[in-house]
Amino acid sequence: MKKITLLLILLLFSLAPAQNVFKSQKQIYLAEYYTHLKNDKKALDCYLKAINFNSKTNSYDYLKAASIAFKLKKNKTAKELLTQSITKQLAPFDFLKEFENLQPYKDSKEMKEVLAQYDDLENQYFRELKHPKAYMEIQNLIATDQLIRKEQNVFLELTDKVDSENIAALIELTKKFGWEDRAWMLLWHHRGYSDEQKFVWDFFKPYLENEIKKDNVNKDFFVDFEEFENSMNDIKNKTSSGSIYTLNTLGNMNNYISFFDIKNLDKRRKSVGLPPLYFEYFLNNISKLPEGYEYNPENLLKDLENL
C-alpha cells in the first residue's frame with residue numbers, strides 16, 4: 001500500500017526536467033537516517049540540501065522537512081517548505097492538511113496562512129510550468145489510462161488499444177520535451193521485454209539510461225521492471241530465484257520472501273543507487289536480518305554518504 005501511495009504522489013510532478021536527482025536522493029536517505037536517530041537538525045539540513053539539488057523532490061519529503069522545521073521552531077523555514085510543496089510539486093490540499101507529521105502544527109499561523117493561500121500557490125505552480133501544453137497532454141493520457149480501468153468490461157475491451165495509443169503518444173512527447181515522472185504509470189503497463197513491447201523499450205531503455213547518467217532520472221528507475229521480468233521468468237520456468245534488489249517492489253509478482261545471491265545483494269543495490277539492505281531494517285527497528293545476509297551496522301552512515 002505504501003508503495004502504491006508513493007507512486008500516486010509521483011503523478012504530481014511537473015513537466016520541467018529535474019537535475020541532480022540522485023544527489024538529491026542521497027540526501028533524502030541521510031535525512032531519514034538522522035530522523036531515525038532523532039537528530040532533527042542534521043535531518044533538516046539534509047532535506048534542505050536534497051531540495052536544493054532537485055526542487056522536484058517528492059512533496060512527501062517537503063512535508064516531512066516542514067514538520068521537522070516546526071519541531072525546531074524554525075517556523076519561517078517550515079512555511080517556505082509548505083509553500084514550495086505546492087508551487088514546486090502541487091501537493092494536494094487534503095494531503096497537506098492531513099499529513100500526519102504536521103498535525104501538531106495544524107493550528108500554527110504558518111500552516112493556516114499556507115492553506116488559505118492554496119489556490120494562489122496552485123496557480124503559481126501552473127504559471128511556472130515550462131511546457132504547459134505538454135503537461136496537459138500527459139494529464140489527458142493518464143486520465144484516459146485510469147478511466148478505462150474503472151470498469152472490467154471496458155478494460156478488457158479497450159486496454160490494448162488505449163495503452164498502445166498512449167505509449168506511442170508518450171514516446172513522441174518524450175522526444176520533444178523530455179521524460180516526465182508522472183508518466184511512469186503509462187510505461188509500467190508495458191513492462192516485460194517481449195517482442196510486442198520491443199518498440200517501447202528500443203526507445204525508452206537507452207533514453208532513460210542516458211538520463212540516469214546525466215542525473216536527470218534516479219538510478220533505481222528500472223528496479224521494478226527488472227524485478228517483474230525476473231518474476232515472470234521464474235513463473236515461466238517454474239523456478240524461484242528470489243528478488244534481485246528488494247522484496248518491497250511492484251515487480252515482486254512471485255511474492256518472494258528471499259533474495260537471489262544474498263552475499264552480493266548490497267553490491268547490486270548500490271549499482272542502482274539503493275542503500276544497503278540493512279538500512280530498511282534500521283528504519284523499521286527490525287533486528288533479525290535475512291539468513292545469509294551479513295552487515296556491520298557501524299558502516300551504515302559511511303555507506304549512505306558514499307552511495
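Because only heavy atoms are used, hydrogens play no part in the values below, and waters and symmetry mates are left out as well, while side chains stay in.
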Decide yes or no for [X] and [Y]: does some side-chain heavy atom of the first lie under 4.5 Å from some side-chain heavy atom of the second?
{"X": "E32", "Y": "K64", "answer": "yes"}
{"X": "L307", "Y": "P275", "answer": "yes"}
{"X": "V272", "Y": "F222", "answer": "no"}
{"X": "E227", "Y": "S243", "answer": "yes"}
{"X": "P276", "Y": "Y281", "answer": "no"}
{"X": "N75", "Y": "K79", "answer": "no"}
{"X": "T246", "Y": "D220", "answer": "no"}
{"X": "F93", "Y": "L121", "answer": "no"}

(message) Does either side chain, that of Q139 or that of R182, offer a donor lying less than 3.5 Å from an acceptor on the other one?
(response) yes
(message) Regarding Q124 and E128, do their side chains bring together a donor and an acceptor under 3.5 Å, going by distance alone?
(response) yes
Any sub-3.5 Å donor-acceptor pair from [X]'s side-chain atoms to [Y]'s backbone N or O?
{"X": "Y278", "Y": "Y293", "result": "no"}
{"X": "N52", "Y": "L48", "result": "no"}
{"X": "N166", "Y": "I142", "result": "no"}
{"X": "H190", "Y": "V200", "result": "no"}
{"X": "T239", "Y": "S241", "result": "no"}
{"X": "N123", "Y": "D119", "result": "yes"}
{"X": "W179", "Y": "F204", "result": "no"}
{"X": "Y295", "Y": "L300", "result": "yes"}
{"X": "N252", "Y": "Y256", "result": "yes"}
{"X": "T174", "Y": "L170", "result": "yes"}

(message) Aromatic contact between F95 and F99, with the criterion being ring centroids under 6.0 Å apart: yes or no?
(response) yes
(message) Determine whether the aromatic ring centres of residues Y135 and F177 are separated by less than 6.0 angstrom.
(response) no
(request) Take I28 and Y47 through the side-chain contact (heavy atoms from CB on, under 4.5 Å) test and state the conclusion after the steps. (result) CA-CA 6 Å; I28 295 296; Y47 274 123; 3.7 Å; yes
(request) Take N101 and I68, measure what side-chain contact (heavy atoms from CB on, under 4.5 Å) needs, and give me the verdict at the end. (result) CA-CA 8 Å; N101 291 13; I68 295 174; over 6 Å; no
Within one Ile-Leu-Val-Met-Phe-Trp-Tyr cluster: [X] and [Y], side-chain cutoff 4.5 Å:
{"X": "L63", "Y": "L81", "value": "no"}
{"X": "L44", "Y": "L301", "value": "no"}
{"X": "I257", "Y": "F228", "value": "no"}
{"X": "F155", "Y": "L158", "value": "no"}
{"X": "L247", "Y": "V223", "value": "yes"}

Taking all atoms of both residues into account, what is the closest heavy-atom pair of [X] and [Y], and its distance?
{"X": "I262", "Y": "P290", "value": "CD1-CB, 3.8 Å"}
{"X": "F22", "Y": "D215", "value": "N-OD1, 2.5 Å"}
{"X": "I86", "Y": "Y118", "value": "CD1-CD1, 3.4 Å"}
{"X": "A78", "Y": "A66", "value": "CB-O, 3.6 Å"}

Around atom [atom1] of [X], are there more than 12 heavy atoms of other residues, nucleotides or ligands at under 6.0 Å?
{"X": "E209", "atom1": "CD", "answer": "yes"}
{"X": "E196", "atom1": "CD", "answer": "no"}
{"X": "L37", "atom1": "CG", "answer": "yes"}
{"X": "F260", "atom1": "CZ", "answer": "no"}

(request) Could you give me the CA-CA distance, side-chain angles and deciding distance for F225 and L208, then say whether side-chain contact (heavy atoms from CB on, under 4.5 Å) is met? (result) CA-CA 13 Å; F225 294 95; L208 289 167; over 6 Å; no
May I ask you to say whether [X] pairs ionically with [Y], meaning some side-chain N is under 4.0 Å from a carboxylate O?
{"X": "D94", "Y": "K97", "answer": "no"}
{"X": "D163", "Y": "R149", "answer": "yes"}
{"X": "K56", "Y": "D181", "answer": "no"}
{"X": "E280", "Y": "R269", "answer": "yes"}
{"X": "E172", "Y": "K176", "answer": "no"}
{"X": "D45", "Y": "K41", "answer": "yes"}

Measuring from atom [atom1] of [X] to atom [atom2] of [Y], what distance do you get when rounded to the nearest 0.5 angstrom?
{"X": "N284", "Y": "F279", "atom1": "CG", "atom2": "CZ", "answer": "10.0 Å"}
{"X": "L102", "Y": "S85", "atom1": "CG", "atom2": "OG", "answer": "8.5 Å"}
{"X": "K219", "Y": "S271", "atom1": "NZ", "atom2": "OG", "answer": "7.5 Å"}
{"X": "I167", "Y": "H189", "atom1": "CD1", "atom2": "NE2", "answer": "9.0 Å"}
{"X": "N218", "Y": "L274", "atom1": "CG", "atom2": "CG", "answer": "8.5 Å"}
{"X": "E165", "Y": "T144", "atom1": "CD", "atom2": "OG1", "answer": "9.0 Å"}

(message) Would K214 and E211 count as a salt bridge (charged side-chain N to carboxylate O under 4.0 Å, His left out) here? Give the steps.
(response) CA-CA 5 Å; K214 293 190 293 186; E211 291 299 289; 3.0 Å; yes
(request) Evaluate side-chain contact (heavy atoms from CB on, under 4.5 Å) for Q89 paired with T57, printing each intermediate quantity in order. (result) CA-CA 8 Å; Q89 283 294 69; T57 296; 5.9 Å; no
(request) Validate the cation-pi geometry between K175 and F203: distance from NZ or CZ to the six-membered ring centre under 6.0 Å, angle to the ring axis within 45°. (result) yes
